[in-house]
Each structure stands twice: as C-alpha cells, then as structure tokens.
Enquirer: 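Take a look at this one; I'll ask things after.
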Amino acid sequence: MPIGQSQKTETQDNQMSGALLEALRIISETCTGCKKCVKNCAFLKKYGPPKDIADAYNPRETLQQTMPFECSLCGLCAAVCPADINPAALFLEMRRETVSRGYGDYPEHAPVLGYEQRGTSKRYTYYALPEGCDTIFFPGCTLPATRPETTLKLYERMREEIPSLGIVLDCCTKPSHDLGRQKYFLAMFNEMKHFLVQHGIKNILVACPNCYKVFKTYGGEIAVATVYEFLAEYSPLISAQVSATVTIHDPCAVRFDASIHAAVRTLAAKQGLAIEEMPHHGTEALCCGEGGSVGFLSPDLARRWGALRKKEAGQRKVITYCAGCANSLDPHMTTMHILDVAFEPEATFAGKAKVSKAPFTYLNRLKLKRRLKKSVAAAVIRERTFVFDRERKKGGAIKRAIFLLLIIAAIMAVRFSGAIHYLERDALRASIQGYGALAPILYMLLYAVAPALFLPGLPITIVGGILFGPFRGVVYTIISSTIGACVAFLVSRYIAREWIERKLRSPRWRRLDVGVEKHGWKIVAFTRLIPLFPFNLLNYAFGLTKIKFFHYAAATFIGMLPACIAFIVFSNSLLEAVRGRISPEFIIGLGLIILVSMVPVLYRCYKAREGQETLV
C-alpha cells in the first residue's frame with residue numbers, strides 16, 4: 001500500500017461541494033481527451049488528461065487529496081483547450097475539497113502562508129487615503145519588498161496625474177486562495193474590500209498581476225486596472241533609452257487580459273527596446289514555476305516550467321511585469337521587471353538595478369511604510385488588525401511565550417544556583433563515572449526511545465559527545481540511534497500503520513515510496529546522508545514502504561555515521577569553547593558539521609544545473 005493511503009467512509013463521497021461536483025461533470029462530459037493541454041504541462045503528463053483525472057477522482061484517497069496541489073493553476077490548459085473548458089478551475093475546487101475535509105494543512109506551505117500572514121499584519125500594513133481619495137495604488141507584497149525605491153517613484157509619478165491617489169500596503173491573500181483556504185481568503189479579502197468601499201474607494205491600480213486577478217474576480221464594485229496600463233497612457237518621466245532586443249514573459253495570472261499585454265509592450269517600445277516574442281506568450285504564456293505554490297510540494301514540477309521558459313528565451317534578456325515571476329525566473333535566465341526598465345533603464349541593462357533579497361525584503365517593507373507615513377498627507381489611515389481565527393493564533397503566541405520564559409528561567413536557575421560548576425566537562429564526566437556501566441546503558445536507552453517519541457536527537461547527541469568523549473560517544477550514539485530508528489520502523493510497519501499513513505500525506509512522502517521501489521536501500525542511505533526529510537518522521541515513513549528490515553537497518557547505520565562523527569567530535573569540546581577555550585577538536589568538529597550540512601545544498605545545486613530530478 002502506498003504511503004498515506006487513507007480510508008474513509010463512502011458517505012463522505014456524497015458530501016462533495018456542489019461546485020466540485022459540477023466541475024467534475026463538465027470535465028468528464030466535455031473533455032475529448034485530445035491531450036493538447038498535456039503537451040507542455042508536466043503535471044498533466046504525470047497524471048493524465050483532465051477527463052481521466054475527473055473520472056478517477058476519489059476524495060477518500062490521499063493521492064487524490066494531494067494531486068491537485070501539484071497543478072500550478074496557470075490556466076494554460078484552458079487557453080489551448082479546443083472544447084473551451086478550464087481544468088485549472090477543477091483542480092482549484094479539488095484543493096478546496098481537500099482543505100474542507102481537513103487534509104490540506106501541509107507543513108511545506110508554512111513559508112508562503114507565513115509570508116502572507118506578515119503581509120496582512122499590523123506591522124506591515126498601512127492605509128493612507130488623502131482627502132477626496134477614490135483611487136488607490138495597491139503595490140502588493142513582493143514589489144515593495146524587492147524594489148521599495150521603484151515602488152515609491154511609481155507612486156509619486158502617478159500622483160502627478162491623480163493628486164488624491166491613496167496607497168495601501170496590504171496582501172490580497174492569493175496564496176490562501178490558491179491553496180484552497182477559501183473561508184480564510186474570503187474573510188481576509190472581504191474585510192479589506194469593505195473598508196475600502198466604506199471610505200469611498202472606487203478604483204484600484206495594482207502592480208502585481210496576482211492582485212489584479214483577485215480584485216477583478218472578487219472586488220465587486222471596485223474597478224481594477226494595472227499601473228502598466230496607466231504608464232502606457234501617461235508616459236513615464238524617463239528620457240534615457242536603451243537599445244536592446246528582449247523577450248517578454250507574460251504572467252499566467254493575466255493570460256486572458258490582452259490590454260495588459262499590450263500596455264507592457266508599449267512601455268518596452270517607449271524605452272527603445274525591440275521585442276521578439278517567445279513561442280508561448282500572451283494568452284498561451286508558460287508559467288514561471290511559482291504558480292499555485294507548487295514548488296513547495298513538487299519542486300521538480302516547478303523547475304520544469306523555468307527550464308521550458310529558459311529554452312524559449314534562448315540568449316535574450318527577459319522582461320516581465322510580476323515581481324514574483326522575476327524572482328522565480330532569474331535563476332534560469334537574465335530577468336528584469338518592466339518597472340526597473342521604465343525608471344532605471346541604464347542601470348537595469350547594466351545589471352545594477354537595486355533588487356533586494358530576503359531577509360532585507362522584510363526590512364524594505366517596513367522602511368517604505370515609515371516613509372509613506374511621513375510623506376503622504378492622509379485623511380484616513382489605518383494599520384490592519386483584523387485576523388481571521390484569532391483565538392487559534394493567540395493560543396500559539398501564548399505557547400511560544402511560555403516556552404521562551406521557561407528557557408530564560410532555566411538559564412537563570414543554572415547561573416544563580418551555582419550549578420554552572422557542573423557544566424565543566426571534567427566535572428560532568430566524573431559525575432557520570434559514578435554510575436559505572438549503567439551510564440552508557442541509560443544513555444543508549446534514552447536515545448533508542450527518542451525517535452519513537454518524536455524527541456529531538458541532536459541535544460542527546462551533544463550530551464553523548466560531552467560525557468563519553470569522541471570514540472565512545474560515536475559508538476554509543478550510532479548504535480542507539482540506529483536501534484531507535486529501527487524501533488520506529490517496526491512500530492510503523494506492524495503496530496500503528498493506519499495512524500502513520502494519515503500523517504504522511506504530502507507528495508514528498510509518496511516520492512519516497514516510489515524511490516524505495518526503484519532504488520531500494522540506496523534511498524535509505526541517501527536520505528540519511530542528505531537530510532531532506534525530518535528524521536523522526538522518516539523512520540516511520542520507511543516502515544510503510546516495501547524495503548526489507550535488514551537493508552533498512554544497515555543503510556541507516558552507514559548513512560547516519562558521518563553526521564554522528566561530526567557532531568560528537570564537535571560537542572566533545574563544546575563546553576570549553578563556550579568558556580572561550582577553542583581547541584583543535586572543536587575546529588575539526590565544526591568543519592565536519594559544515595561539510596555535512598553543505599552536502600544537501602551541493603546536491604540540489606548539482607541536480608538543478610544538470611536539469612535532473614532529485615531522487616526523492
């Protein structure tokens with residue numbers, strides 16, 4: 001049985017949403033299976049034509065729950081479909097169905113949802129509405145983060161034509177929308193929209209194509225247009241021109257908005273640029289790889305879009321008008337934002353445009369907010385405080401605060417009680433010697449049960465290096481950690497299989513299952529040497545595969561040994577280093593840790609350069 005195969009009652013199939021049932025019916029009855037949409041889509045090549053997917057869909061199965069999250073929702077399938085259907089709409093409804101059943105909370109999505117949450121927080125939001133304001137500039141999240149100066153220049157330029165133009169720093173919450181978190185998305189977006197409507201806002205100028213799509217779909221009475229259409233009509237105050245041949249990447253969020261495509265090309269032409277179109281542009285543009293947050297669950301599928309774009313762009317520089325697309329495509333080819341070209345053409349083509357990367361992006365947004373507070377005379381201002389599902393978030397904050405206070409209390413207790421004396425390595429070893437042969441047995445017993453209880457192994461490893469020295473520390477730790485990994489493996493395979501299956505629903509765990517079928521024990525050794533998965537969960541995951549126990553145990557022992565040696569050698573002299581005495585052992589151990597830590601990075605870089613998929 002594949003990893004994560006869940007079992008639910010037949011009744012739940014009859015509880016699918018009406019929107020999903022209708023989308024399934026349309027695809028099933030209308031799709032001819034011509035495979036025109038499959039031609040350039042790695043997702044459809046993997047799962048088959050839309051009709052096959054619709055006919056086989058069963059929300060009870062984990063494969064069907066995670067599958068739609070591997071679609072980039074770019075809409076290319078709809079653009080090329082001769083039957084005029086939109087399979088991407090079906091996959092979005094499947095995502096919503098998964099979330100509504102409680103299965104869509106994948107830990108891999110935490111970074112993008114955290115980014116979104118910061119974008120809607122009181123700290124990062126700012127609404128400045130001047131007297132008589134009925135139009136606002138909504139720059140989105142990524143443009144102010146990566147190009148705060150350009151954002152400010154653009155706002156000042158537009159105010160020359162619209163003196164009462166307001167500005168809103170906020171997030172449209174499209175990540176939640178695309179991840180199927182519809183209830184959360186509607187609550188957050190509608191709260192923002194209602195505030196704007198109540199304060200007389202009738203028009204929004206957006207810089208982000210994703211924000212444009214959200215406001216166009218859900219904005220109701222608020223009219224939305226892009227800043228590119230505005231600039232195409234009111235020429236930017238830039239006299240410098242550059243002579244170059246470029247190609248343009250149209251973001252998939254606005255693939256059906258020809259007026260926006262034309263406006264960007266007008267801007268490029270005004271800067272003296274010659275445009276050569278890629279085979280896929282405009283309505284049939286390819287995704288940059290960032291769409292639908294696919295890269296978090298299926299990075300290989302996301303990278304394929306970038307590889308296709310690179311192939312079509314050739315040696316030409318690429319201009320786009322989505323800051324997210326620019327970030328996603330830049331590793332593959334030279335990519336520039338049209339606003340950089342409009343306001344800093346010479347610097348941009350010289351490769352000197354000011355484009356920030358994390359973590360400076362967060363600081364940029366805060367700086368921009370401070371500057372706007374000082375420079376915009378606003379009749380109405382606000383920092384957004386509305387948070388959907390506030391009680392759950394408050395509970396999380398309280399837990400983090402309690403945890404931090406406990407750590408501080410423990411540190412103070414050690415320092416003021418005189419117990420710091422016992423942190424001397426020799427004193428610790430002298431104390432442990434009193435237990436005789438029982439000491440290593442207790443240590444190994446603790447380490448053996450830690451993986452099964454999801455306890456972190458690193459602190460125990462460090463203690464082992466301090467107490468037993470480099471040689472015995474390695475022996476005791478590698479044996480006990482291997483035993484612990486085997487215990488979790490056996491629990492998963494023979495005792496708690498169904499519970500573990502429900503926990504491991506992410507596509508990366510399915511890839512692990514497929515990898516074991518193809519490569520056997522090599523995958524075990526590989527994942528131990530290159531920690532792409534959480535250690536404790538990995539032990540249980542392997543119990544769900546078909547690998548033989550002896551092969552698993554041997555590969556686990558060998559694969560974990562390099563990291564074990566590195567951390568034991570490092571921790572053996574850690575206390576002396578804390579007290580300011582740096583020994584050769586400490587330097588060697590630190591070097592080994594850095595070397596082991598670099599292996600996953602080097603592996604990913606190598607695979608990306610070769611254009612190959614990772615093993616799992």
Enquirer: Test: salt bridge (charged side-chain N to carboxylate O under 4.0 Å, His left out). Region: residues 241-259. Which pairs qualify, not counting sequence neighbours?
Expert: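 As it turns out, the salt bridge (charged side-chain N to carboxylate O under 4.0 Å, His left out) pairs with a partner in residues 241-259, which skip direct neighbours, are Lys216-Asp257, Asp250-Arg265.
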Enquirer: For Thr361, give me all partners under side-chain hydrogen bond (donor to acceptor under 3.5 Å, both in side chains), at least two apart in sequence or on another chain.
Expert: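 Thr361 satisfies side-chain hydrogen bond (donor to acceptor under 3.5 Å, both in side chains) with no residue once adjacent residues are dropped.
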Enquirer: For Ser328, check side-chain contact (heavy atoms from CB on, under 4.5 Å) against everything at least two apart and list the hits.
Expert: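 Ser328 satisfies side-chain contact (heavy atoms from CB on, under 4.5 Å) with Cys288, Glu290 only.
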Enquirer: Taking only residues two or more places apart in sequence, or in another chain, which ones meet Arg96 in a salt bridge (Lys or Arg N to Asp or Glu O under 4.0 Å)?
Expert: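 By the salt bridge (Lys or Arg N to Asp or Glu O under 4.0 Å) rule, Arg96 matches Glu93.
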Enquirer: Please find the pair of heavy atoms, one from Leu76 and one from Ala285, that lie closest to each other, and give the distance.
Expert: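 Here Leu76 and Ala285 meet closest at CD1-O, 4.0 Å.
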Enquirer: Please confirm whether the backbone N or O of Leu165 pairs with a side-chain atom of Tyr155, one donor and one acceptor, at under 3.5 Å?
Expert: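 Confirmed, Tyr155 side chain pairs with Leu165 backbone.
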Enquirer: Quick one, Ile275 with Ile248, criterion side chain to side chain contact (heavy atoms under 4.5 Å, CB included). Give me CA distance, side-chain angles, the key distance, then yes/no.
Expert: CA-CA 7 Å; Ile275 302 170; Ile248 293 180; 3.8 Å; yes
Enquirer: What pair of heavy atoms forms the shortest contact from Phe256 to Gly75, and how long is it?
Expert: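 Scanning both residues, the minimum pair turns out to be CZ-O, 4.2 Å.
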Enquirer: Determine whether Phe388 and Thr120 make a side-chain contact, defined as any pair of heavy atoms from C-beta on separated by less than 4.5 Å.
Expert: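 With C-beta onward as the side chain, the pair stays apart.
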Enquirer: So does Glu161 have more than 12 non-hydrogen atoms from other groups sitting under 6.0 Å from CD?
Expert: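 Atom CD in Glu161 is crowded, with more than 12 foreign heavy atoms closer than 6.0 Å.
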Enquirer: Atom CZ in Phe69, atom OG in Ser293: separation rounded to 0.5 Å?
Expert: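 Interatomic distance, Phe69 CZ to Ser293 OG, rounded to 0.5 Å: 10.0 Å.
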Enquirer: As a test of understanding, state which of Ile162, Leu154, Ile136 forms a side chain to side chain contact (heavy atoms under 4.5 Å, CB included) with Leu205.
Expert: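 That would be Ile162; it is the only one of Ile162, Leu154, Ile136 passing the side chain to side chain contact (heavy atoms under 4.5 Å, CB included) with Leu205.
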Enquirer: Can you tell me if Thr247 uses its side chain to pair, donor with acceptor, with the backbone of Glu276 under 3.5 Å?
Expert: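 Pair found, side chain donor or acceptor close to backbone of Glu276.
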Enquirer: On a heavy-atom basis, which atom in Ala323 and which in Leu143 lie closest, and how many Å separate them?
Expert: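 What the structure gives for the nearest pair is CB-N, 3.9 Å.
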Enquirer: Checking Arg382 now: which residues fulfil salt bridge (Lys or Arg N to Asp or Glu O under 4.0 Å) with it, not counting sequence neighbours?
Expert: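 Salt bridge (Lys or Arg N to Asp or Glu O under 4.0 Å) list for Arg382, sorted by chain: Glu191.
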Enquirer: With a 4.5 Å heavy-atom cut-off, do Leu73 and Phe91 have their side chains touching?
Expert: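 Result yes, sub-4.5 Å side-chain heavy-atom pair found.
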Enquirer: Give, for atom OH of Tyr115 and atom SG of Cys171, the distance between the pair rounded to the nearest 0.5 Å.
Expert: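 Answer rounded to 0.5 Å: 8.0 Å.
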Enquirer: Report the residues that fulfil salt bridge (Lys or Arg N to Asp or Glu O under 4.0 Å) with Lys317, sequence neighbours left out, ordered by chain and then residue number.
Expert: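 Partners of Lys317 by the salt bridge (Lys or Arg N to Asp or Glu O under 4.0 Å) criterion come out as none, since no residue qualifies.
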Enquirer: Please round to the nearest 0.5 Å and tell me the distance separating atom CG of Leu44 and atom CD1 of Ile53.
Expert: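 Leu44 atom CG to Ile53 atom CD1 measures 5.5 Å (nearest 0.5 Å).
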Enquirer: Counting distance only, does the side-chain N/O of Thr146 pair as donor-acceptor with the main-chain N or O of Thr142 below 3.5 Å?
Expert: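 Yes, because the side chain of Thr146 sits within donor-acceptor range (under 3.5 Å) of the backbone of Thr142.
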Enquirer: Please name the residue in the list Arg123, Lys193, Arg384, Arg118 that meets the salt bridge (charged side-chain N to carboxylate O under 4.0 Å, His left out) test with Asp170.
Expert: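 Option passing the salt bridge (charged side-chain N to carboxylate O under 4.0 Å, His left out) with Asp170: Arg384.
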Enquirer: Please check if any side-chain donor atom of Tyr234 sits under 3.5 Å from a side-chain acceptor atom of Glu160, or the reverse.
Expert: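 Result is no, nothing qualifies.
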Enquirer: Which word best sums up how the rings of His337 and Tyr228 line up, parallel for under 30°, tilted for 30 to 60°, or perpendicular for over 60°?
Expert: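 Tilted.
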Enquirer: Which atom pair, heavy atoms only, marks the closest approach of Ala232 to Lys270?
Expert: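 For Ala232 versus Lys270, the nearest heavy atoms are O-NZ, 2.8 Å.
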Enquirer: Roughly how far apart are Leu286 CG and Cys74 SG, rounded to 0.5 Å?
Expert: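 Those atoms lie 8.0 Å apart.
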Enquirer: For Lys310, is the NZ atom crowded, meaning more than 12 foreign heavy atoms sit under 6.0 Å from it?
Expert: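 No.
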Enquirer: Looking at residues at least two apart in the chain, or sitting in another chain, which of them share a side-chain hydrogen bond (donor to acceptor under 3.5 Å, both in side chains) with Asn210?
Expert: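 For Asn210, the residues satisfying side-chain hydrogen bond (donor to acceptor under 3.5 Å, both in side chains) (neighbours in sequence not counted) are Lys174.
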Enquirer: Which of parallel (below 30°), tilted (30 to 60°) and perpendicular (above 60°) describes His109 and Phe296?
Expert: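 Taking Phe296 first and then His109, their aromatic rings stand perpendicular (interplane angle over 60°).
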Enquirer: Counting heavy atoms not belonging to Lys45, are there more than 12 under 6.0 Å from its NZ?
Expert: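 It does: Lys45 NZ has more than 12 such atoms within range.
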Enquirer: So which atom in Cys41 and which in Trp305 form the shortest heavy-atom distance, rounded to 0.1 Å?
Expert: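 Nearest heavy atoms, Cys41 then Trp305: CA-CH2, 4.2 Å.
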Enquirer: Excluding sequence neighbours, so at least two apart, what forms ring pair (Phe, Tyr, Trp, His ring centres under 6.0 Å) with Phe189?
Expert: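 Phe189 satisfies ring pair (Phe, Tyr, Trp, His ring centres under 6.0 Å) with Phe185, Phe215 once adjacent residues are dropped.
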Enquirer: Do Leu196 and Val168 make a side-chain contact, defined as non-hydrogen atoms from C-beta onward lying under 4.5 Å apart?
Expert: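 In contact.
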Enquirer: Under the side chain to side chain contact (heavy atoms under 4.5 Å, CB included) rule, what do Ser164 and Thr135 come out as? Steps first, then yes or no, please.
Expert: CA-CA 8 Å; Ser164 62; Thr135 303; over 6 Å; no
Enquirer: Does any part of the side chain of Thr320, heavy atoms only, come nearer than 4.5 Å to the side chain of Thr335, both counted from C-beta?
Expert: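 SC-SC contact between Thr335 and Thr320 confirmed.
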Enquirer: Would you say the side chain of Phe138 lies within less than 4.5 Å of the side chain of Tyr212, judging by non-hydrogen atoms?
Expert: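 SC-SC contact between Tyr212 and Phe138 ruled out.
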Enquirer: Okay, side chain of Arg304, backbone of Leu301: is any donor-acceptor separation there less than 3.5 Å?
Expert: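 Not confirmed, Arg304 side chain does not pair with Leu301 backbone.
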Enquirer: Might you point out which heavy atoms bring Pro87 and Ala78 nearest each other, and give the distance in Å?
Expert: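 It is CD-N, 4.2 Å.
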Enquirer: So, Tyr218 versus His177: side-chain donor-acceptor pair below 3.5 Å or not?
Expert: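 Short answer, yes.
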Enquirer: Does Ser17 reach the side chain of Ser100, with side-chain heavy atoms less than 4.5 Å apart?
Expert: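 Ser17 vs Ser100: side chains apart.
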Enquirer: Applying salt bridge (Lys or Arg N to Asp or Glu O under 4.0 Å), can you list everything that pairs with Arg309, at least two apart in sequence or on another chain?
Expert: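 Testing Arg309 for salt bridge (Lys or Arg N to Asp or Glu O under 4.0 Å), a comparison that skips the adjacent residues, returns Glu312.
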Enquirer: Should Phe195 and Phe386 be marked as a ring-ring contact (aromatic ring centres under 6.0 Å, His included) after you check the CA-CA gap, both sets of side-chain angles, and the distance that decides it?
Expert: CA-CA 11 Å; Phe195 178 89; Phe386 175 79; over 10 Å; no
Enquirer: Dump the intermediate steps for side chain to side chain contact (heavy atoms under 4.5 Å, CB included) on Arg147 and Leu339, then the final yes or no.
Expert: CA-CA 9 Å; Arg147 299 163 173 84; Leu339 292 177; 5.8 Å; no
Enquirer: State which residues pass side-chain hydrogen bond (donor to acceptor under 3.5 Å, both in side chains) with Ser176; sequence neighbours excluded, sorted by chain then number.
Expert: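 Ser176 satisfies side-chain hydrogen bond (donor to acceptor under 3.5 Å, both in side chains) with Glu116, Arg181 once adjacent residues are dropped.
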Enquirer: Which distance, rounded to the nearest 0.5 Å, do you find between the CZ of Arg95 and the CG of Leu179?
Expert: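 Output value for this atom pair is 6.0 Å.
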Enquirer: Pairs in or reaching into residues 365-378: which pass side chain to side chain donor-acceptor pair (under 3.5 Å), with residues at least two apart or in two chains?
Expert: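 Every pair satisfying side chain to side chain donor-acceptor pair (under 3.5 Å) with a residue in residues 365-378: Glu149-Arg371, Lys369-Glu383, Lys373-Glu383.
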Enquirer: Please output the side-chain donor-acceptor pairs of residues 347-358 that fall under 3.5 Å, not counting sequence neighbours, one pair per line with the distance.
Expert:
{"from": "Thr348", "atom 1": "OG1", "to": "Asp340", "atom 2": "O", "distance (Å)": "3.0"}
{"from": "Thr348", "atom 1": "OG1", "to": "Glu344", "atom 2": "O", "distance (Å)": "2.6"}
{"from": "Ser356", "atom 1": "OG", "to": "Asn364", "atom 2": "ND2", "distance (Å)": "2.9"}

Enquirer: Report yes if the side chains of Tyr127 and His199 come closer than 4.5 Å at any heavy-atom pair, otherwise no.
Expert: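 Answer no - side chains too far apart.
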Enquirer: With a 4.5 Å heavy-atom cut-off, do Leu231 and Arg157 have their side chains touching?
Expert: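 Answer yes - side chains close enough.
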Enquirer: Step by step, would you call Thr226 with Val206 a side chain to side chain contact (heavy atoms under 4.5 Å, CB included)?
Expert: CA-CA 5 Å; Thr226 67; Val206 300; 4.3 Å; yes
